[in-house]
Amino acid sequence: MSSYKEKKVISIGTVNELTGLSVRQIRYYEEKGLIYPERTKRGTRRYSFSDIELLLQIADKREEGVQTGEIKKDMQTNETKKDKVMERMLRGQFNAHFKMR
């Protein structure tokens with residue numbers, strides 16, 4: 001079961017109110033591949049609390065003058081690092097379980 005932070009149930013209007021970002025800015029970050037809302041059958045965007053946190057981080061970086069391309073590159077690098085850490089953790093658990101080195 002997924003965490004409440006990951007459930008995509010928040011409308012773009014509410015995200016606008018919570019973040020202070022304009023609807024246009026939110027859509028722009030989606031166009032740039034920085035955020036991925038789900039869509040309802042009617043095409044309405046739905047966001048999660050995690051998406052809101054990410055949007056606030058993006059807004060902070062933009063205020064510091066960081067371009068969206070740099071933000072995306074940084075996000076991809078961080079995901080790669082997380083994947084490698086997860087892989088090492090799983091390998092360590094596997095090795096410990098089977099008493100391997």
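Counting begins at 1 with the first residue of the sequence.
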For this session: Test Ser50 against Glu6 for side-chain hydrogen bond (donor to acceptor under 3.5 Å, both in side chains), laying out the working first.
Result: CA-CA 6 Å; Ser50 293; Glu6 302 304 322; 2.7 Å; yes

Problem set entry | Leu21 and Val15: CA distance, side-chain angles, deciding distance, side-chain contact (heavy atoms from CB on, under 4.5 Å) verdict | CA-CA 8 Å; Leu21 295 170; Val15 173; 6.0 Å; no

For this session: Look at Arg91 together with Glu87 and state whether they make a salt bridge at an N to O cut-off of under 4.0 Å.
Result: yes

Seminar exercise, completed: Between the CG atom in Leu34 and the CD1 atom in Ile58, the distance rounded to the nearest 0.5 Å is 4.5 Å

Problem set entry | All side chain to side chain contact (heavy atoms under 4.5 Å, CB included) counterparts of Gln67, not counting sequence neighbours | Arg62, Glu70

Seminar exercise, completed: Separation between OH (Tyr47) and OG1 (Thr14), nearest 0.5 Å, reads 11.0 Å

Problem set entry | Donor-acceptor contact below 3.5 Å, side chain Thr44 vs main chain Thr40 | no

Problem set entry | Hydrophobic cluster partners of Leu90 (side-chain heavy atoms under 4.5 Å) | Met86

For this session: Say whether, by atom type as modelled, one donor and one acceptor occur between the side chain of Thr77 and the main chain of Lys73 under 3.5 angstrom.
Result: yes

Exercise. Taking atom CG of Leu18 and atom CG of Leu55, what is their separation to the nearest 0.5 Å?
Worked result: 10.5 Å

For this session: Could you check if a side-chain atom of Lys32 sits within less than 4.5 angstrom of a side-chain atom of Lys72, using non-hydrogen atoms only?
Result: no

Seminar exercise, completed: Correct closest heavy-atom pair for Ser22 and Asn16 would be CA-ND2, 3.6 Å

For this session: List in chain and number order the residues that pass salt bridge (charged side-chain N to carboxylate O under 4.0 Å, His left out) with Glu53, two or more places apart in sequence or in another chain; answer none if no residue qualifies.
Result: Lys5

Problem set entry | Sidechain N-carboxylate O distance under 4.0 Å for Arg46, Asp51 | no

Seminar exercise, completed: Between the CD1 atom in Ile35 and the CZ atom in Arg27, the distance rounded to the nearest 0.5 Å is 14.0 Å

Problem set entry | Lys7/Glu38 ion pair, N-O < 4.0 Å | no

For this session: Provide the closest heavy-atom pair for Tyr36 versus Lys8 in the form atom of the first, atom of the second, distance.
Result: O-NZ, 2.7 Å

Exercise. So how far is it from Ser3 OG to Phe49 CZ, rounded to the nearest 0.5 Å?
Worked result: 10.0 Å

Exercise. Are side-chain heavy atoms of Lys61 and Asp74 found at a separation under 4.5 Å?
Worked result: yes

Seminar exercise, completed: Rounded to the nearest 0.5 angstrom, the CD1-CD distance for Ile26 and Glu31 is 12.5 Å

